[in-house]
Amino acid sequence: MSLQSKSQGVRVNIATMSAWIRRGDYNHEFHHKQSQYVVKEYSRSEAMEERYEHKTRAHIQEVVKSKLVDKYVHEEPMIRGPRFLVRLRSHTVFENTPIKLFCTVEGFPMPVVKWYKDDMLLDVSSGKYLVGAKSGIHSLEIPRCTTDDTAQYTAVAGNIHGQASSQAAVVVKRFRQEDESCPYAWLPFTAAMLPKIQYTKIHITFVEKFGPVFATEGQSATLSASMILNPNLANLQPEAQWYRDDTRLFDSKWVKIETGRGVTTLTLPNLYKDDEGLYTLRMVTKGGTAEHSAFVSVADGPPPVPRAPGAPMDIKIHDANRDYVIVSWKPPNTTTEGPILGYFVDKCEVGTENWTQCNDHPIKICKYPVCGLFEGHSYHIRVRAVNSSGISKPSRMSDPIAALDPTEFERLHAKKLGGRLDVISYCDEVEAEGKPPGAPSGINASEIDRTYVVLNWKAPEYSSKAPMWYYIEKRLGDTGAWQRVNTQVPIRSPRYAVFDLAEGKLYKFRVLSANIYGTSEPSEPTGPIETLQLKGVPSAPGQVIATRETDTSVLIQWAPPKEPNNLIGYYIDQCVKGSKDWTSANHKPHKNTRFVVSGLTTGESYSFRVQAINELGLSDESQESAPLTVKAALTTPSAPYNIALLYCDGHSVVLNWKKPLHSGGATIKEYYVDKRRSGTSMWREVNIKPLTERLYKVEGLTTGAVYQFQVYAANLAGLGPASEHSQDFTCEAWTMPEPGPAYDLTFCEVRDNSVVVEWEKPVYTGSGPITGYHVEYAKKGTADWTTANTTAVSHCFHKVTGLEVGTTYVFRVRAVNAAGVGMASLPSDPVTAKAVEGAQEVSCVVDKKSGDIVLSFESCQMNVGSQFIWKKDYKEITDFSKGVVIKSEGNQSKLIFQSPDKEDFGTFSVSVTNTEGVSSSYSISAEELAKMLALSYDIRHPIIPLKSELAYKILERGRMRFWLQAEEISPKVTYKFFANNKELSGADPNKMGHDVSTGIIEFIMDHFTVENEGTFTCQITDGGGKAQSSLVLIGDTFKAALAEADFQRREYIRVKEGPHFSEFLSLQVGDDCSVTLVCKVANLKKDSVFHWYREDTEIIPDVKPDLGSGVCKLPIKQFSLKTAGIYRATISDDRGKDMSQIDISGKVFDEAINKISQLAGASAAELVVNCTATGIQLQCHMKYYTSEMDITWYHSDAKLSNGDKIVIGGTPAMATMEVVEPVDKDKGTYSIVITDPETLHKRSLDLSGDVYEKAYAEFQKLKAEAYADKNRGKVVGGLPDCVTIMEKKTLSLTCTVCGDPKPQVSWLKNGTEVEPDDQYVVSLDQGRFASLTIKGVSMEDSGRYTMIVQNKYGGESVDILVSVYRHGEKIPEVKPTLTPKTIIPPKLPIEMPQPKAQPAPSPASPSPAPRAAPGRGVKSPTPSRRK
């Protein structure tokens, strides 16, 4: 910008300011910043001229302050959220004058600004307000102010990255003459120019509070609180201030705060461990503050690799310059991970996502200088931790930090311009002659670390326009030479960090200033500066003490470490008693030596330990604290309340009060009462001895005097606060005839539309006894009382019904006597008609075992110290002498009547203390009680039910077992056995016993003889129950039992002395469906002989029995009904013989078939097609098939049966089904279903389409071939294989032939056809008998003769060997060569006769219509199939 344009801008501003001054707007300030100039308008007021220099210095400081704010985000394109460069200023103006509010906002994209008046959006369409916006400068103008414009105005700027706001107060005063020349017009708004404000006291009551939050990194958390304001004034709303560990929080990227309509909410949208801490809400009013706090715990999120450390936290920027920043952070807790090996520091330029790692190797301390930054650029910083398992997730990135010279604004210079304006510029921009600068001074170290020192110095007076920079020189101790510190960027600010120093060494530093004209003399060197040395981690903290806080939290305190070594904070670990699983109680270092551990389990015992932290890492763990059980700490009780006057006789009064709402965690054992005369302030004790009841008679009062009373409650923790004093009670005797008030109104069994009210009867009964009570109720906050019972109740409780769900009520009670209705009690505490969530009701049963009457209740809530209180007719049960027992365990309680009687009817109720009013009741009427008593008697005096009556079983060695089985017996059961009314003894050799689990009682008689004939009896006694069962053994029954006993006795002797079966015959089915008889024999000799029999016929097996192993097997081939029967096996030698027998029929046979069906069905293959000459056959191959298996064939869903059309059968390897003479309607899906007791096995085939066509063609082919084979020419019989004949005899070869049509017969001799002549005569008689006669045979007639029988369907040829011998020769032995018949195939195509149409039967014919053959309506030429 040229100098001319600058001057024009100044002239415009002067003209504008002059216009404002003429209008008298003394409080308005105009800011205009362009290039390097800041112009500010001041008043012409002479009073302000005297303070001009002061204002100039203040203005420079203001510019420096605003510019320093810009340090964090320097370049506009990099700015995300809105930021106010110039904020609104508060003003006080007079009526009818204009006012204009200005602010300057920057952001990218450019923010939109909305204006609010007292938190209400301003209506700019009315024309009363003028809004302007240009280049980030926004204004709100009120051309003519009124007193209604007094308000707080807010400008809210917002863009896609967030919101920012600025507020200012405008006070409009009525014009008064003395205000015209106010000398304090230029004081800030905060000066004491406003009248003193009398603040209204606003009481804030939190209705809903936020509790502790336990979350994980990456999640979100919301803290919300609702409150009631009294009074609730629209223009005096409290300010909600949120704090984390006493640090005020504001709206930002990490924190969102919303407040309004009595609710304030803080949201943490993306949690990091930086967010952990104690959060406090402070509702601030001019008259006071209300606050609430809760801890927010943020645990480490899932690591990138297992057992990697948690992320570091709390990234801080300690120093920033043109090319470096110094970063520090806090280490993570490593309770469950390995120790930290180091850290990586990353940087990212604002506006990009390109993170760059700054250090090549992990650094071990939590502090690092990040170098190599570009001046004027802004950066984010983050840190990652490293251990032996891997690298952690990155920490939360830091706020943006700009690489700028922090002292460049110290060189600002103010120059007066025309008396009213000043120009702010840099000192080095003032023109002056060129010369070298002076030497710096005041050099000192503002920060000292192990490897770097931050130096500060005072710049020399400098007035040259040429740029100035600095050189820094260092020297090791007093002996070394001065070395210049090399820097990549010229040092222009009087502040710089010198890096790469040695640990624990002494250094001196000096600074030189320089410009283009030369270098100054060195500054005075610093004194010796010693760099720090690593001292290691802190020592372990001292003793850890845990004390009770609440029922879910514990207060931990410990002694600090003796060697803190730059302590950062502490980590606290917790562990359940008896476990070694330590977990972190906090995930962000805690600074103090006391910490409240929240989120613990009530009633559980914990131990705690502490570790100290510095920038090098974590110390050793402290010693563990003593185990502490989590429960609320004892506190003093709250104050009693509602002191009521129950009676006065003129000299004394009877008082009652309600117990404190909070007992302080211990039972309230004592009360103390004070009194005073109304109108006085001195309280006097009434009772020296503590009171245990809430009913007390105060004596020694003055008749007619007016008194006030107050009550204290005390527990183990001490004396609580005093109650509010009572109303004024006048000591005058009560003489009214009506009763006094009832007292101690309580509630139980609160439901959605009902509640039970209990009370104590009045102390003063009036002129006669109390006959009843009326209960009245009203909605809370109203005086509209409703009587719940029109008829007075005689007892001190009543169930009020017909209430509205969710509505809050108060109750009171009036007693009634003959004189009338008495005084009302004090109103009760409010109660809401709403059932406790999950509330259960009392149940009443008669125990099936004991006969006790049992009332049971299960509580939906249980807390520490909760107890069950049982009452009868709402009076606590304390008399347990009549067999009443209360048993409570966990959340269940039972009221048991072990000796119930007819007086035990009434209403039985139960309540659970320390809950939200959990209670219930059950009413037992006299009729219901009578039924339960009868049932109880039957249970206690039962007849023991028997599953089986007394029976017998003959055991080995001929012993007799008498037994019976009861439904149930107890271990205390007793029993006796009798034989003919004589008790039997269970002593050896007899035995007697029982089994509680099965209910079996038995008596084993060792020797059963003829003397034992008669009646056997068993008598049982079990508790109150009895049972008896008898068994009669006489006559044939006794003889059979005795014979069996004798046999078993002999059998025992046999088995012990000779060969015998150790395992009798059994039938086994193998996996291949083979069926085998198996038995085992024992006690054998070499000459022992084994035999198999079936139906008394001996079976000779293929494999002899293996007597060596003792296992004998007999395979049953092709198991079916044909193989069923009685099988027997015998083993014998000279010592004796034993036999085993099995009947393979009935159940045994069925079980074997079922097993075979199961195995065969599982092995069944898919259906295949096999055509025959009679039809199309479907085959299913399986391991084994027999017709006794449960196999069913289906056509679609129709079940098929065996018949002429459908032939069902099979072979041992497969099941078959054949469709005879198939037609088109036989197409479709065919299925076979093999059924066993456990499942069905189904296989299907679709016989249609190409499958059917191919099968049908094959069937027709086979049918034709069968027909031809049947009707071809055949030799039926008669021809020998060979013939021996003597010479000159006649040979006649004759046989029978058949065929249709009749066949032709021809003869061959040695392959040559025989021509008939006189010697060879060929004949065919009747077409059936063919012969060849050779007359006078000779030797030449020997040879092979062949007979050929043939018609159009084919034929066959048969060979005959003829041997001729001479007379006198030995007849030769001719061995025929067995050659099969040679079949002559038919002529193709095979012609089959066409079916002939059957004549229609005569209507008069009584004979039935002939049955049509399958498929054609005529008899098939194919021979019938043999079934």
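The shown structure was predicted, so the numbers you read here are calculated from the model rather than taken from an experiment. Computed over heavy atoms, backbone and side chain alike; hydrogens, waters and symmetry mates excluded.
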Identify the two heavy atoms, one from [X] and one from [Y], that lie closest to each other, and give their separation to 0.1 Å.
| X | Y | result |
| --- | --- | --- |
| Asn642 | Pro827 | ND2-O, 4.1 Å |
| Gly890 | Met862 | O-CE, 3.4 Å |
| Pro231 | Ile202 | O-CG2, 3.8 Å |
| Gln710 | Ile643 | CA-CD1, 3.8 Å |
| Ala742 | Pro762 | N-CG, 3.9 Å |

Judged by atom type as modelled, is there a donor-acceptor pair below 3.5 Å linking the side chain of [X] to the main-chain atoms of [Y]?
| X | Y | result |
| --- | --- | --- |
| Ser920 | Val842 | yes |
| Ser726 | Phe709 | yes |
| Asp904 | Asp901 | yes |
| Thr285 | Pro238 | no |
| Thr601 | Glu604 | no |
| Thr636 | Gly720 | no |
| Asn817 | Thr765 | yes |
| Gln861 | Glu916 | yes |
| Ser850 | Asp852 | yes |
| Asn687 | Tyr671 | yes |

Does [X] have any ring pair (Phe, Tyr, Trp, His ring centres under 6.0 Å) partners at least two apart in sequence or in another chain, and if so, which?
| X | result |
| --- | --- |
| His292 | Phe210 |
| Tyr707 | none |
| Tyr773 | Trp759 |
| Phe908 | Phe897 |

Among side-chain atoms of [X] and [Y], is any donor-acceptor pair under 3.5 angstrom?
| X | Y | result |
| --- | --- | --- |
| Thr782 | Asp784 | no |
| Gln708 | Arg676 | yes |
| Ser888 | Ser893 | yes |
| Ser911 | Ser919 | no |

Residues that [X] engages under side-chain contact (heavy atoms from CB on, under 4.5 Å), provided they are two or more places apart:
| X | result |
| --- | --- |
| Thr801 | Ser754, Lys799 |
| His774 | Thr787, Asn789, Ala792, Val816, Val821 |
| Ala930 | none |
| Glu699 | Ser652, Lys697 |

Can you list, pair by pair, the side-chain donor-acceptor contacts under 3.5 Å of residues 653-665, counting residues two or more places apart and other chains?
residue: Asn656; atom: ND2; partner: Arg694; partner atom: O; Å: 2.8
residue: Lys658; atom: NZ; partner: Asp829; partner atom: OD1; Å: 3.3

Is any side-chain heavy atom of [Y] closer than 4.5 Å to one of [X]?
| X | Y | value |
| --- | --- | --- |
| Ile924 | Met932 | yes |
| Leu223 | Leu281 | no |
| Ser825 | Tyr743 | no |
| Asn715 | Leu634 | no |
| Asp551 | Lys631 | no |
| Val912 | Phe857 | yes |
| Val596 | Phe295 | no |
| Leu646 | Leu695 | yes |

I want to know whether Tyr764 and Tyr647 have ring centres closer than 6.0 Å.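 Between Tyr764 and Tyr647, the centre distance is under 6.0 Å.
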
Enumerate the residue pairs fulfilling ring-ring contact (aromatic ring centres under 6.0 Å, His included) with a member in residues 867-886, sequence neighbours excluded, ordered by first and then second residue. Phe797-Tyr874

In Å, rounded to the nearest 0.5 Å, how long is the span from [atom1] of [X] to [atom2] of [Y]?
| X | Y | atom1 | atom2 | answer |
| --- | --- | --- | --- | --- |
| Asn863 | Thr602 | CG | OG1 | 8.0 Å |
| Phe811 | Leu826 | CZ | CG | 16.0 Å |
| Lys669 | Leu716 | NZ | CG | 5.0 Å |

Pick one: which of Thr280, Thr259, Thr264 meets side chain to side chain donor-acceptor pair (under 3.5 Å) with Trp242?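 The single option meeting the side chain to side chain donor-acceptor pair (under 3.5 Å) with Trp242 is Thr264.
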
Can we say Lys779 and Glu804 salt-bridge, meaning some charged N sits less than 4.0 Å from an Asp/Glu carboxylate O? yes

Sort and list the pairs that fulfil salt bridge (charged side-chain N to carboxylate O under 4.0 Å, His left out) and have at least one residue in residues 747-756, not counting sequence neighbours. Arg751-Glu841

Scan residues 863-876 for pairs that pass salt bridge (charged side-chain N to carboxylate O under 4.0 Å, His left out), counting only residues two or more places apart or in two chains. Glu758-Lys871

